[in-house]
Protein chains: 2
Amino acid sequence: MLNQRAPLDRVFRALADPTRRVMVDRLSRGPASVSELAQPLAMSLPAVIQHLQVLEESGLVRSEKAGRVRTCHIEPAALRRAGQWIALRRASWERRLDRLGDYLEEDEPSNQRRRS
Amino acid sequence: MLNQRAPLDRVFRALADPTRRVMVDRLSRGPASVSELAQPLAMSLPAVIQHLQVLEESGLVRSEKAGRVRTCHIEPAALRRAGQWIALRRASWERRLDRLGDYLEEDEPSNQRRRS
DNA sequence: GTTATAGTTAAGCATATGCTTAACCAACGC
DNA sequence: GCGTTGGTTAAGCATATGCTTAACTATAAC
């Protein structure tokens, strides 16, 4: 069971590293083996596997072993939660702008509501 | 000038800490002084200021000093870039599902396109 | 059975991080 | 001018992180 204690900590921390973002980007286009993930990266294989472990602990990636090959898949739910956290903060910020706009409109009817 | 070299590194790293997410959440509802940001946090003032520095380096937050009070504001552009990075990867994943769906539909016309 | 391949684990190292306390500075209020 | 308030900086500490190499294991190919 995914650690529920600090999932967003782990997700954002996982994405804080450029190597892991490359891996997430690759897996968003389809599953890949560890060797395939490692191929474009200029680092040792154990280093890639360490990054993979961080991604699995964060819930962004899932993997299974078949024979000697471990295949990795994206787990979109964790990406969605991070995206939702950001979207909610942006919505909060924009709601505050709307309230400012409403306030200004009491005095300046020509003022238009702003959207970003 | 904001460091352009690794902006997403810094943004995701900034968001990887629960204290900083609390600060970003608070600022998404409107500006706040350093003391206001520190008030709900169980840590020393210099620690809060260190977190603030990480948020400013990431571009998520901007602050200015007036007299002895430093007021902090959210900077939505950096949040938007992080949100966009996530949205593009989710779109990539979903595009791949669509192609799988198209492929399956060649044999099974009753199969319906799936959306998440 | 041997060799090659895919991957794993452990130990070590350098660097980064997150917090503390102490000391300090600038501005406000009285 | 003094005390209070808001904030800053530096140093130190414990822990976390990201990479390496070496050694190893399991599986597949021959």
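Rounded to an integer number of Å, the gap from CD of B:Gln53 to C1' of D:dT8 is 8 Å. Put simply, CD on A:Gln39 is 15 Å from C1' on C:dA6, counting in whole angstrom units. Taking atom CD1 of residue B:Ile49 and atom C1' of nucleotide C:dC24, one finds them 13 Å apart after rounding to whole Å. For the pair A:Arg70 CZ and C:dT5 C1', the computed distance is 16 Å after rounding to whole Å.
The pair B:Arg21-B:Asp25 does not count as a salt bridge, with every side-chain nitrogen at least 4.0 angstrom from each carboxylate oxygen.
Remark: the backbone N or O of A:Ala14 is paired with a side-chain donor or acceptor of A:Arg20 at under 3.5 angstrom. Not one N or O on the side chain of B:Arg13 forms a donor-acceptor pair closer than 3.5 Å with the backbone of B:Asp17.
When the side chains of ILVMFWY residues are joined at heavy-atom separations under 4.5 Å, either directly or via intervening members, B:Leu37 and A:Trp93 end up in a single hydrophobic cluster.
Between A:Trp85 and A:Phe12, the two ring planes are perpendicular [angle over 60°; tilted spans 30° to 60°].
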Discussion item. Return a single string for nucleotides 12-26 of chain D, one symbol per nucleotide in 5' to 3' order, where B is base contact, S is sugar-phosphate-only contact and - is none, cutoff 4.0 angstrom on heavy atoms.
Written reply: -----SSBBBB----
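When only modelled atom types and interatomic distance are considered, A:Ser63 and A:Arg70 share a side-chain donor-acceptor pair under 3.5 Å.
Counting any heavy atom pair closer than 4.0 Å across all strands shown, A:Glu36 reaches no nucleic acid atom.
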